[in-house]
Amino acid sequence: QVQLVESGGGLVQPGGSLRLSCAASGSIYSINAMGWFRQAPGKQRELVATIPSGGTSTYADSVKGRFTVSRDNAKNTVYLQMNSLKPEDTAVYLCYADIRRSIRSGRDVYWGQGTQVTVSS
């Protein structure tokens, strides 16, 4: 079993900051990419940021320069630091992780439960 548990969402004023966390636990041999999607009402799910196990992170154009994705491999945790938040950032944020559960298994993508971020005055 693998679980991804998110935390850190909430209500913030425009221009404010939030930090999301997502910890993976369970039967994990290795984790490749981790990252974040978001989904706003009536809109398609959007890739926000991804961070590979090694290499360069990538971001949606809409969040470049404002959001930073990072990870702590010792804790199997991915973070999303969100600064200069705008009302259009309001969405449910979902983390994901590309996980290999054993040396003999293939890789599967696992998802967090989602955390609401609301940017409003």
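Scope of the values below: all heavy atoms of this structure, side chains included, with no hydrogens, waters or symmetry mates. Keep in mind the model is a prediction, meaning the values are calculated, not measured.
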Flag yes if Val63 and Val92 sit in one hydrophobic cluster, no otherwise; membership is Ile, Leu, Val, Met, Phe, Trp, Tyr, and two members link when side-chain heavy atoms are under 4.5 Å apart.
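No, Val63 and Val92 fall in different hydrophobic clusters.
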
Taking Arg66 for its side chain and Ser84 for its backbone only, find out whether a donor-acceptor pair lies under 3.5 Å.
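Yes; judged by distance alone, with no hydrogens or angles, the pair exists.
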
Would a distance-only check, ignoring hydrogens and angles, find a side-chain to backbone donor-acceptor pair under 3.5 Å from Thr77 to Lys75?
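Side chain of Thr77 to backbone of Lys75: a pair is present.
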
Looking at Asp89 and Lys86, does any basic side-chain N land under 4.0 Å from a carboxylate oxygen?
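No, Asp89 and Lys86 are not salt-bridged.
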
Between Tyr29 and Arg100, does the side-chain hydrogen bond (donor to acceptor under 3.5 Å, both in side chains) criterion hold? Intermediate values first, please.
CA-CA 6 Å; Tyr29 174 76; Arg100 185 187 300 273; over 6 Å; no

Point-to-point distance, once rounded to the nearest 0.5 Å, from [atom1] of [X] to [atom2] of [Y]:
| X | Y | atom1 | atom2 | answer |
| --- | --- | --- | --- | --- |
| Ile31 | Arg107 | CD1 | CZ | 11.5 Å |
| Ser105 | Ile99 | OG | CD1 | 10.5 Å |
| Phe37 | Leu94 | CZ | CG | 9.0 Å |
| Ser27 | Gln1 | OG | CD | 9.0 Å |
| Leu20 | Gln81 | CG | CD | 9.0 Å |
| Met34 | Ser57 | CE | OG | 12.0 Å |

Given Leu85, Leu11, Asn83, Leu80, the one that forms side chain to side chain contact (heavy atoms under 4.5 Å, CB included) with Leu18
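One option only clears the test, and that one is Leu85.
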
What residue among Asp72, Val69, Asn73 forms side chain to side chain contact (heavy atoms under 4.5 Å, CB included) with Val78?
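With Val78 as partner, side chain to side chain contact (heavy atoms under 4.5 Å, CB included) holds for just one option, Val69.
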
Closest non-hydrogen atom pair between Leu4 and Ala97, with its separation
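Looks like CD2-N, 3.7 Å.
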
Phe67: partners by ring-ring contact (aromatic ring centres under 6.0 Å, His included), with sequence neighbours left out
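Residues passing ring-ring contact (aromatic ring centres under 6.0 Å, His included) with Phe67: none at all.
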
Quick one: list whatever passes ring-ring contact (aromatic ring centres under 6.0 Å, His included) with Tyr59, sequence neighbours left out.
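Checked Tyr59 against ring-ring contact (aromatic ring centres under 6.0 Å, His included); zero matches.
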
Does Glu46 reach the side chain of Ser62, with side-chain heavy atoms less than 4.5 Å apart?
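Answer yes - side chains close enough.
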
If we only count heavy atoms from C-beta on, is the Arg101 to Val2 side-chain gap below 4.5 Å?
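Yes, side chains in contact.
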
Is the positively charged end of Arg71 above the ring of Tyr79, judged by distance under 6.0 angstrom from the centroid and angle within 45° of the axis?
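Negative - Arg71 is either too far from the ring of Tyr79 or too far off its axis.
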
Taking only distance into account, with no hydrogens and no angle test, what donor-acceptor pairs under 3.5 Å do side-chain atoms of residues 108-121 form with protein atoms, sequence neighbours excluded?
unit_1: Gln113; atom_1: OE1; unit_2: Glu6; atom_2: N; d: 3.3
unit_1: Gln113; atom_1: NE2; unit_2: Glu6; atom_2: O; d: 3.3
unit_1: Thr115; atom_1: OG1; unit_2: Gly9; atom_2: N; d: 3.3
unit_1: Gln116; atom_1: NE2; unit_2: Ala91; atom_2: O; d: 3.4
unit_1: Gln116; atom_1: NE2; unit_2: Thr118; atom_2: OG1; d: 3.3

Go through the steps for Cys22 and Tyr96 under the test side-chain contact (heavy atoms from CB on, under 4.5 Å), then give the verdict.
CA-CA 8 Å; Cys22 172; Tyr96 77 93; over 6 Å; no

Counting heavy atoms not belonging to Gln39, are there more than 12 under 6.0 Å from its CD?
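Yes, enclosed.
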
